Every structure is written in structure tokens, then in C-alpha cells.
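Structure first, then comments.
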Amino acid sequence: MKNRIYIFDTTLRDGEQSPGASMDENAKVQMALQLDRMGVDIIEAGFPIASQQEFEGVIRVAKIVQNSHVAGLARALNKDIERAAAALQHAKKPVLHTFLATSDIHLEYKLKMSRDQVIDTVGKAVSLAKSLLPRVEFSAEDATRSDRDFLAQVVETAIGAGADVINLPDTVGYTTPDEIREMFRYVIAQAKGAEDVIFSTHNHNDLGLAVANALAAIQGGARQVECTVNGIGERAGNTSLEEVVMAMNTRQDQFPYECGIVTTEIVPSSNLLSMITGLIVPFNKPIVGRNAFAHESGIHQHGMLANAKTYEIMTPASVGHKRTDLVLGKHSGRAGLAKRSSELGFELNEEEVGRLYERFIELADKKKEVYSDDLRMLIVAMYSKAFEVYQLEKLRTFGEDPTVAMVKLKHGDEVITETALGDGPVDAACVAIEKIVGHTGKLEQFNLRAATPGKDAFGEAHVTVRFENKVYRGNGASTDIVEAAIHAYLNAMNKHIAFLQSQEINGDS
Ligand code: KIV
Ligand code: ZN
């Protein structure tokens, strides 16, 4: 059996379905370039029929990606498939990914289709897809809760109609390692033509089993893993790319397979995604979390000093963590700054390096030591500002019970000032912003943490705000924590405004 495992990254499609994680076209392009650099085999760029913005996002990714295949999702409907093919025609290596559910519960309540109708629809959808593009993947949605023999019949139909890849997803995160291993073995043994296609596994993490199930599926014969950076995705997320790749790399004795991921690009990819979406990586997240390689107990530290292998199963450097958290000085220069930014996952152009350098010098004047996390925060702040419709010019707060906030926002060439009363500085400043912008949000989550050590640390703020039934995440950073929170609130507000503007452009509103 072949030992190459293909990595199908769906951060930009299934990952983007994480509540509040929506990415605009620029963000998708930036992330796609990083995924390409990391060596993923396939980048699923989006669901082109979903909206005009999504269609254009897939086109932009398709045009820019040089090495990876680019996939687009389509239901088993002619209009979806044609739309996806239209977006993907710009890709060097396009993959049309079409899907239809196969479990009885989906057939009865969602699709209202008989099994025969499903077979017929799959055959026609895959044939149409194959007539439009050279490579087609078919996914049997909710495969793990489907009748095995019917599933094998559907798979055989898709193969007969020309599918190159067959994906058997655990859509609801219900299966277990033993079960999914057996499912793959059974379907591969039953479906005629199975030896001519690649089987793929796509797992959701509702029971925390997504990575374990993906690894078991490989043992059952899957040769493609669908996953996302930081494990983001619908509900509890998807198989985490970094975990499944490092499990295979670290346990070659158990998983003697290889994949094309450049593992040192894992942490930079995680950083970039977190910055783009505002979804923070928990400190204890395997592989990419800040504490993933931190040894706290004295016994562990002692062992580590004697030989790192006593407590370390892989090196931080192998996944792109910098062991020495480089302290930058005023004399680091623009080239040093650009190099360090690139190591952190941010490829900046000359103009951006210039802007970053100004902020860096300002910070180095205020703060004794500038760590790489400070630099990350500076880039976060600069990046979120670059796309802001409204930018924070000035913030002042006074008094308590109630607090008064004075906020100055820049909107194009205009500078608008408002004052408001509130229950504390963050509340007062949010009310002042709402008065200026004319939209009111409900702050649903508010997290604040220090990005770096020391009393003069950078504060990192992450918020979730609901505007008219849509949830947005926002992030902000500053050495002043109230200002960090307000940057984050404004960031979410700006995403909402950008969304409303895109609706107007598309005539959807
Ligand atoms: O979870 C799922 O079943 C999916 C399919 C569309 C592949 O995301
Ligand atoms: Zn999914």
C-alpha cells in the first residue's frame, strides 16, 4: 500500500465556518500563500456558490497559488458545480469537490430523497464535475452514520462516474477510531474500482476524537487527510493539521507514512491564522500553544538539562518555535525586523516594514525589552488597522461611576469625536464608538491577556461581538489594556461594516 499521505487543508472553507472566523479575500489570499509555503497538497479555498465575495475569494486564491492544488466545494447540484468550476478554472491544479449526504437520517429529514435518487444524483453530479475539470473529489456527507452497504454502493457510483478522490466524512464527530478504521477497510474492500482512487478522511472534533479518528482512518486505507490549521472549524472544529502531521512524524513506528508538510512552517501558519481570524490559540494547545514545550516542574527542568529527550518527544524548532525568544533592540534595523517578521509567518512588503519599523522604534523607547511576541502584536495592530473603515485616533477616559470616554475616530479624511458615559472605561468607549458609527453591538466575549512578560507587557484583547444576529471576532493589541480592548471592539465593528458594504455591492441587502 502506498505510504504517501496527502494533506488537504480546509482552513479557508470548513475552518472559516467557525463562528466569527470569516475571512475576507485579502485574508484568504495571505493564508493561502502561507499554506502553499507550508507544503499542503490541496487548499480548499471556499464554497463559490455561497456568495459573490466567496466566489471572488476562490478566484483570487486559485490565481495566486503556485504549488498546491486548489479545491472549491459544491453541493451535488448543477448550479453549484458550474459555479465552482468557473471559479477554479483559474487554478493551475484545480479540484472540484462535490458532496451529498448518504445517512438515512439526512436522506429522510434534510434531502427528502430515496436511496435510488441519491445514487442517481451522485452519478450525474460527478459526471458533470468531471466534464468541467480534470480532478474531482466526491464526499459522502455523514458517511460514518450511513449504512455500510449503501455507502459502498454510492462510492462505487462516484468512482464509475469519474471521481478521483472519495471522502468519507465524520460530519458530526460521532465515530470512534476502531469504527472508522473498519469503515474504510469495508468500503475499500466492497466498492469496485476502489484501488484506482484515493480515499480521504474528514473528521469533526465534537467528541475530541478528530485526530485519533484521522490516524485510524489512515490505518484503514485512507491516504488523504482533511484538516485545518489550529483545528478550527464548524462547532468543535476539525482535525488539527499540526497534530495529525506531528503524530505521524513523531510516531513513525506506528504511522510509517510520509507527507509533504514543511513542519517548521507550522507555528508561523498558526500565528498568521490567529491574527487573521482573531481566534486565539489556547496556551496549552498541542504543538502550537505557547506552553506546548514549557517545562514547569523542577524535576522536568532537571531532566531537560541533562538530556532534552527525557521530557521532549519532538523539538520546538522542528515545528517552527524559536527556542530563544529573541529580544530585539533599537539597533536591529529594518532588515532584521523584516527577517524576524517572516520567521513569525508575516511576509511584509517594503512599505509595511517601514510602517512597522516606526512603531517598533516607538515601542523600544517605551519598553526595555522587545520580544518576538511584542513584534507579533505590533503586526496584529498594524494589520487590523490597514483594513479598518474606522480607525482609532485618540482615546481618553476619566472618572468612575460613571466613566466618561472621549473617542476620536478617523473615517477616510474625516475625524469624528464623541463622548459618552458608561459603566467603566471599556463600556463608555464602546458607547462613544457606537454613537459615531451608528451601529450597536452586543459584547458576548471579552478576553484579555498579556502577550509578553513584564509590567510593561503588551495587552492582547479578543472580543466576540454580535451585530444584528451575526457574530464577529475582533482583536487588538496595545501596551494600554483599555486601548487594546477598544481596538478589538472597533475591529469587530469594522468587519460588520465591511460585511454590510459587500452585501450592498452584491445587491443582496
Ligand atoms: O463535514 C463534512 O461532511 C463536510 C463535507 C462537505 C466534506 O465538511
Ligand atoms: Zn466538515
Side-chain angles (χ1 to χ4, degrees), residues 2 6 8 10 13-14 41-42 44 47-49 69-85 88 93-107 110-111 113-171 175 180 182-203 214 217-218 220-226:
K2 284 172 263 153
Y6 296 96
F8 177 115
T10 183
R13 198 278 297 170
D14 211 329
D41 296 289
I42 303 110
E44 187 164 46
F47 192 9
I49 194 85
H69 285 77
V70 177
L73 187 66
R75 289 167 296 180
L77 297 173
N78 291 2
K79 62 175 181 175
D80 280 38
I81 294 170
E82 282 156 7
R83 190 79 168 147
L88 292 166
K93 296 186 260 178
V95 180
L96 208 153
H97 178 191
T98 186
F99 73 98
L100 189 64
T102 48
S103 64
D104 287 339
I105 193 155
H106 277 237
L107 263 62
K110 188 183 83 171
L111 299 175
M113 282 168 100
S114 66
R115 287 186 175 185
D116 284 346
Q117 285 172 314
V118 167
I119 300 265
D120 187 49
T121 307
V122 169
K124 288 185 176 139
V126 173
S127 297
L128 173 63
K130 193 70 184 176
S131 72
L132 298 173
L133 288 177
R135 194 168 179 81
V136 173
E137 168 168 331
F138 170 72
S139 284
E141 191 190 11
D142 208 16
T144 53
R145 292 194 302 166
S146 302
D147 174 81
R148 295 285 180 266
D149 290 318
F150 176 59
L151 183 61
Q153 230 185 314
V154 173
V155 166
E156 204 171 292
T157 305
I159 297 172
D164 303 279
V165 180
I166 298 292
N167 182 32
L168 303 182
D170 185 28
T171 304
T175 198
I180 197 169
E182 284 317 306
M183 178 187 77
F184 272 90
R185 281 186 184 146
Y186 187 79
V187 173
I188 291 171
Q190 295 299 312
K192 252 191 253 119
E195 62 288 355
D196 300 326
V197 299
I198 292 173
F199 276 81
S200 180
T201 184
H202 174 115
N203 299 282
I218 291 174
R223 287 294 173 268
Q224 176 176 291
V225 176
E226 306 200 355

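Everything numeric in this text was worked out from a predicted model, so none of it was measured.
- The two residues Ala143 and Thr102 come nearest to each other via the heavy atoms CA-OG1, 4.0 Å.
- The line from OG1 of Thr175 to CG of Asp142 is 10.5 Å long, rounded to the nearest 0.5 Å.
- Relative to the ring axis of Phe150, Arg115 places its NZ or CZ within 45° and under 6.0 Å from the centre.
- Around NZ of Lys192, the count of heavy atoms belonging to other residues, nucleotides or ligands within 6.0 Å does not exceed 12.
- Smallest separation of non-hydrogen atoms from Lys130 and Gly162: CD-O, 3.2 Å.
- We find the NE2-CZ distance between His97 and Phe47 to be 10.0 Å, quoted to the nearest 0.5 Å.
- Considering all non-hydrogen atoms of both residues, Ala158 and Phe138 come closest at CB-CD2, 3.8 Å.
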message: Between Gln224 and Glu137, does the side-chain contact (heavy atoms from CB on, under 4.5 Å) criterion hold? Intermediate values first, please.
response: CA-CA 11 Å; Gln224 176 176 291; Glu137 168 168 331; 3.1 Å; yes
- request: Could you please spell out the steps behind the side-chain contact (heavy atoms from CB on, under 4.5 Å) verdict for Val155 and Leu168?
  value: CA-CA 9 Å; Val155 166; Leu168 303 182; 3.9 Å; yes
Test side-chain contact (heavy atoms from CB on, under 4.5 Å) applied to Leu100 and Val118, step by step: CA-CA 8 Å; Leu100 189 64; Val118 167; 3.8 Å; yes
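- Within 6.0 Å of NZ on Lys124 lie no more than 12 heavy atoms contributed by other residues, nucleotides or ligands.
- Taking every heavy atom of both residues into account, Val165 and Ser200 meet most closely at CG1-CB, 3.9 Å.
- When all heavy atoms are compared, the tightest approach of Gln117 to Met113 is OE1-CA, 3.2 Å.
- Leu88 is not listed as a side-chain neighbour of Val95, based on a closest heavy-atom distance of 4.5 Å or more.
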- request: Test Glu141 against Lys110 for salt bridge (charged side-chain N to carboxylate O under 4.0 Å, His left out), laying out the working first.
  value: CA-CA 12 Å; Glu141 191 190 11; Lys110 188 183 83 171; 2.7 Å; yes
message: Apply side-chain contact (heavy atoms from CB on, under 4.5 Å) to residues Phe199 and Arg223 and explain how you reach the verdict.
response: CA-CA 6 Å; Phe199 276 81; Arg223 287 294 173 268; over 6 Å; no
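- Remark: Thr201 OG1 to Asn167 CG distance equals 7.0 Å, nearest 0.5 Å.
- The pair Glu82-Lys79 does not meet the salt-bridge criterion, since no charged nitrogen lies less than 4.0 angstrom from a carboxylate oxygen.
- Looking at Ser146, its side chain does come within 3.5 Å of a backbone N or O of Ser103 through a donor-acceptor pair.
- Within the model, atoms CG of Asp14 and CG of Leu73 stand 8.5 Å from one another, a figure rounded to the nearest 0.5 Å.
- For Thr98 (side chain) and Ala74 (main-chain N/O), a donor-acceptor pair under 3.5 Å exists by modelled atom type.
- Residues Glu156 and Gln153 form no side-chain contact, since every pair of their non-hydrogen atoms from C-beta on lies 4.5 Å or further apart.
- With rounding to the nearest 0.5 angstrom, the CG atom of Asp196 is 11.0 Å from the CD1 atom of Ile166.
- Distance alone, capped at 3.5 Å, places no donor-acceptor pair between the Asp41 side chain and the Phe8 backbone.
- Atom NE2 in His106 sits 5.0 Å away from atom CZ in Arg145 (nearest 0.5 Å).
- Of all heavy-atom pairs spanning Ile42 and Ala71, the tightest one is CG2-CB, 3.8 Å.
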